[in-house]
Participant: 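Take a look at the following structure, please.
As the structure is a computational prediction, the values presented were derived from the model and not from experiment. Numbered from 1 within each chain, the chains take letters A, B, ... in sequence-line order.
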Amino acid sequence: MTTKRSMVKSLLAAEEASSQVRVQGWVRTKRDSKAFSFVEINDGSCLANIQVIVDATVPGYEASILPLRTGASLEVEGGLVESQGKGQKWEMVAKSVIVHGQADEDYPLQKKGHKAEFLRSIAHLRPRSNLFGCVFRVRSRLAYAVHQFFQQRDFVNVHTPIITASDCEGAGEMFQVKTVSGESGQEGQAKNGEEEFFGKPAFLTVSGQLEGETFACALSNIYTFGPTFRAENSHTTRHASEFWMIEPEMAFCDLEADMSLAEELVKYLVCDVLENCAEDLELFGKFVDKGLMERLHFVRDRSFERVTYTEAVDLLLASEQKFEFPVEYGANLQSEHERYLTEQHFKCPVTVYNYPKEIKPFYMRLNDDDKTVAAMDLLVPGIGEIVGGSQREERLEILRGNMEREGLAEEEYWWYVDLRRYGTVPHAGFGLGFERMLMFVTGVANIRDVIPFPRVPGWAEF
RNA sequence: UCCUGCGUAGCUCAGUGGUAGAGCGGGUGACUGUUAAUCACUAGGUCGUUGGUUCGAAACCAACCGCAGGAGCCA
């Protein structure tokens, strides 16, 4: 009868010694002594490794333990004992070791720090590094916390389609979905024949919002959480071609409540990660972003600021700050303006709302001043926009007017318009960029380093 | 798409006109309850590519390729 596997995390948290435990994992580092070796094993369950003492008398020592290199996979059975050395409370003394796979000499991960750029080129191995192990454990926890937040509030999770035929809302360039010729499709050629697979052109979704609205107008409070695709040729640290987005939509809801939910969500996620990912966050605070913990505590403890677009412009004009782009009413706030507000002026997350209608899309609700729409952006230090949302235009005639002005054919959106014909309700929602949130809570500066296999223009490796 | 910067050993980099270097990693050996172990020896390079300037180019010039950062777009 083999001993049940223990994860490194639980062994390191042990209350007492144990005569027989079993770990399985990968060698992070090994140091040889005359009569024994120290092998540090990591299994991804936590940041820390467990140190294993392998005595020269263990069967196979010379043949298979001594030659072990960083990256090799193995399985150890033995006792869990209090460590004689400094630096760790518990360590293992091996009775038997099975080497599943030695690592070739050219295993690229070293114990020393690598540049993010290099690690991206070995995306299949980088989760074995300390930093990326932490990033993806936190990513998993953050995703869980998102569901928890909404489920606790009785929001219904809706799986909106990834393939869509509505060139929706003009929210950016789209990828088209086509069939390919040949058995394997390796040629990448569009299939012969005029017929579209779906009967009309189809695309990868840029937002689940419009579909989300239909479900909110039935189930009241819903949220989506899934992949989103944008074909923009963006080359920045916060844009990717494929990313995940969370989009709640609430019926009988105005902008005020919408903003409150967004702020509550951001705060909830920060608190959850602080509570449940302490060890990982410590690494980020030490090696990635010195100011991280202070910022997260700040977000947890203080309330967010709120200003209207007009107030924000006034603040920027009065700031006497030199901007590359001028600040003016009616124009979109530039990245540098947003960052000034959240990083310099308020030094905390800020929600900017009520934007001029001219710079916002057709579905946002017109305010009574006839000049602004009930839109909002939540800005955070270091990232900029993390949430974008609005109250939706629920009045049929005004929506039609907006669509006509923007040259959108009503036939294409007939089902969206229908919502305003059959029991329309005030409703609102927003989109939270999952990766941007992850960047915010980890301090990792590049979106490509919080996505397992990032897709950006010119790069779809792995 | 625009602007800027960078491409030298597996990795991180030094080398600014005179013919290729270090640390880490790899290999071999020694030593040690070690922990980014230590010490010695050793292998490893078409200096991104192509063309030009020069007696001579890793270095200077041009084009191209790749990557990174910023802008726009937005999550």
Side-chain angles (χ1 to χ4, degrees), chain A residues 28-40 48-55 66-67 69-71 81 83-88 91 93 103-122 125 129-130 169-173 205-209 225-247 262 287 323-325 331-336 338-339 359-361 377-380 383-389 430-440 445-451 456-459:
Chain A
R28 277 298 176 79
T29 175
K30 177 175 73 84
R31 295 170 292 274
D32 299 317
S33 219
K34 185 133 195 137
F36 57 93
S37 296
F38 297 101
V39 185
E40 285 194 36
N49 310 321
I50 189 158
Q51 174 166 285
V52 179
I53 291 30
V54 186
D55 195 84
L66 269 183
R69 280 181 289 263
T70 302
V81 302
S83 178
Q84 298 172 30
K86 287 174 186 167
Q88 61 282 315
E91 64 188 16
V93 176
D104 284 357
E105 297 166 6
D106 56 355
Y107 183 70
L109 283 171
Q110 298 178 16
K111 277 170 278 175
K112 248 182 162 177
H114 288 291
K115 282 168 71 177
E117 195 183 326
F118 168 68
L119 290 167
R120 262 170 240 153
S121 72
I122 51 165
L125 296 173
S129 68
N130 286 338
E169 64 181 271
E173 303 289 317
T205 183
V206 295
S207 167
Q209 181 199 316
F225 185 8
T228 307
F229 306 87
R230 303 273 166 94
E232 270 119 21
N233 193 16
S234 301
H235 286 231
T236 79
T237 51
R238 58 201 155 18
H239 289 88
S241 308
E242 176 179 342
F243 62 97
W244 285 55
M245 195 156 61
I246 296 131
E247 296 180 288
F287 298 113
F323 294 113
E324 194 186 336
F325 295 92
N332 246 318
L333 297 179
Q334 301 284 328
S335 287
E336 58 174 343
E338 295 180 343
R339 294 185 67 143
I359 58 173
K360 291 293 181 186
D377 283 349
L378 174 52
L379 314 175
V380 295
I383 312 271
E385 184 179 342
I386 199 167
V387 167
F430 61 84
L432 168 74
F434 183 62
E435 283 83 6
R436 288 192 182 172
M437 188 67 210
L438 191 53
M439 291 164 75
F440 184 62
N446 195 315
I447 197 166
R448 283 165 275 198
D449 298 328
V450 297
I451 300 178
V456 295
W459 184 262

Participant: Hey, is the side chain of A/N233 poking within less than 4.0 Å of OP1 or OP2 on B/rG72, counting only N and O atoms?
Facilitator: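 A/N233 to B/rG72 OP1/OP2: no side-chain N or O under 4.0 Å.
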Participant: Closest approach to the side chain of A/Q110, judged atom by atom: which nucleotide of B/rA71, B/rG10, B/rU34 is it?
Facilitator: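 Among B/rA71, B/rG10, B/rU34, the one nearest the side chain of A/Q110 is B/rG10.
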Participant: Using a 4.0 Å heavy-atom cut-off across all strands, classify A/D32 as base, sugar-phosphate, or nothing.
Facilitator: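 Since a base atom lies under 4.0 Å of A/D32, the category is base.
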Participant: Side chain of A/R238, heavy atoms from C-beta onward: which of B/rU12, B/rU1, B/rC73 has the nearest atom to it?
Facilitator: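 For A/R238, the side-chain atoms sit closest to B/rC73.
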Participant: Rounded to the nearest 0.5 Å, what's the gap from CH2 on A/W459 to OG on A/S121? Could you check?
Facilitator: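 Answer for the CH2-OG pair, A/W459 versus A/S121, is 6.5 Å.
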Participant: Identify whether a stacking contact exists between A/F36 and B/rG33, where the ring centres must be under 5.5 Å apart and the planes under 30° apart.
Facilitator: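 Here the ring of A/F36 and the base of B/rG33 are not stacked, as the 5.5 Å and 30° limits are not both satisfied.
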Participant: Tell me every residue that passes side-chain hydrogen bond (donor to acceptor under 3.5 Å, both in side chains) with A/E242, counting only those two or more places apart in sequence or in another chain.
Facilitator: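 Expected list: none.
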Participant: Counting only side-chain heavy atoms from C-beta out, which of B/rU34, B/rA75, B/rU12 sits nearest to A/Q88?
Facilitator: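 Of B/rU34, B/rA75, B/rU12, B/rU34 is nearest to the side chain of A/Q88.
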Participant: Which part of the nucleic acid, if any, lies within contact of A/F243, taking any heavy atom under 4.0 Å across all strands shown: a base, the sugar-phosphate backbone alone, or nothing?
Facilitator: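 Base: the residue A/F243, judged by heavy atoms under 4.0 Å, touches a nucleobase.
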Participant: For the side chain of A/S83, counting heavy atoms from C-beta on, which of B/rU34, B/rC31, B/rC74 is nearest?
Facilitator: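 Between B/rU34, B/rC31, B/rC74, the one nearest the side chain of A/S83 would be B/rU34.
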Participant: Contact class for A/T236 vs. all strands (heavy atom < 4.0 Å): base, sugar-phosphate, or nothing?
Facilitator: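 Since a base atom lies under 4.0 Å of A/T236, the category is base.
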Participant: For the side chain of A/R31 and the base of B/rC31, is some donor closer than 3.5 Å to an acceptor across the two?
Facilitator: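 Answer is no: no donor-acceptor pair is held.
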Participant: Which of these nucleotides, B/rG72, B/rU12, B/rA37, is closest to any side-chain atom of A/Q334?
Facilitator: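 The nucleotide sitting nearest to the side chain is B/rG72.
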Participant: Is the phosphate of B/rG25 approached by A/R69 (side-chain N or O, under 4.0 Å from OP1 or OP2)?
Facilitator: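 For B/rG25, neither OP1 nor OP2 has a side-chain N or O of A/R69 closer than 4.0 Å.
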Participant: Check the phosphate of B/rA37 against A/T29, side-chain N and O only, distance under 4.0 Å to OP1 or OP2. Yes or no?
Facilitator: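 A/T29 to B/rA37 OP1/OP2: side-chain N or O found under 4.0 Å.
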Participant: Closest approach to the side chain of A/K34, judged atom by atom: which nucleotide of B/rG33, B/rG70, B/rC31 is it?
Facilitator: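 In terms of side-chain proximity for A/K34, the closest of B/rG33, B/rG70, B/rC31 is B/rC31.
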Participant: B/rG70, B/rU34, B/rU12: which one has an atom nearest the side-chain heavy atoms of A/E91?
Facilitator: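 In terms of side-chain proximity for A/E91, the closest of B/rG70, B/rU34, B/rU12 is B/rU34.
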Participant: Relative to the ring of A/F38, is the ring of A/F36 parallel (under 30°), tilted (30 to 60°) or perpendicular (over 60°)?
Facilitator: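 Plane angle over 60°, so perpendicular.
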Participant: Is a donor on one side and an acceptor on the other found under 3.5 Å between the side chain of A/E247 and the backbone of A/L432?
Facilitator: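 Answer holds: no.
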Participant: Salt bridge check, A/E385 against A/R238: does any charged N sit closer than 4.0 Å to a carboxylate O?
Facilitator: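 No, A/R238 and A/E385 are not salt-bridged.
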Participant: Establish whether the base of B/rU12 is bridged to the side chain of A/E117 by a donor-acceptor pair shorter than 3.5 Å.
Facilitator: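 For A/E117, whose side chain was compared with the base of B/rU12, there is no donor-acceptor pair (under 3.5 Å).
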Participant: Using a distance-only criterion (donor-acceptor N/O pair, under 3.5 Å, no hydrogens), is the base of B/rC74 paired with the side chain of A/H239?
Facilitator: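 Under the 3.5 Å cut-off, the side chain and the base do form a donor-acceptor pair.
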Participant: Taking the minimum atom-to-atom distance to the side chain of A/N446, which one of B/rG70, B/rA68, B/rC73 wins?
Facilitator: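 Comparing B/rG70, B/rA68, B/rC73 against the side chain of A/N446, the answer is B/rA68.
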Participant: Which part of the nucleic acid, if any, lies within contact of A/E242, taking any heavy atom under 4.0 Å across all strands shown: a base, the sugar-phosphate backbone alone, or nothing?
Facilitator: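 Nothing, no nucleic acid heavy atom in range.
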Participant: Remember a base hit wins even if backbone is also touched, and classify A/F325 as base, sugar-phosphate or nothing at under 4.0 Å, heavy atoms.
Facilitator: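 Since only primed, P, OP1 and OP2 atoms lie under 4.0 Å of A/F325, the category is sugar-phosphate.
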Participant: For B/rA71, does OP1 or OP2 lie under 4.0 Å from any side-chain N or O of A/R339?
Facilitator: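 No, because none of the side-chain N or O atoms of A/R339 sits under 4.0 Å from OP1 or OP2 of B/rA71.
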Participant: Tell me which nucleotide among B/rG33, B/rC11, B/rG72 gets nearest to the side chain of A/I53.
Facilitator: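 The nucleotide sitting nearest to the side chain is B/rG33.
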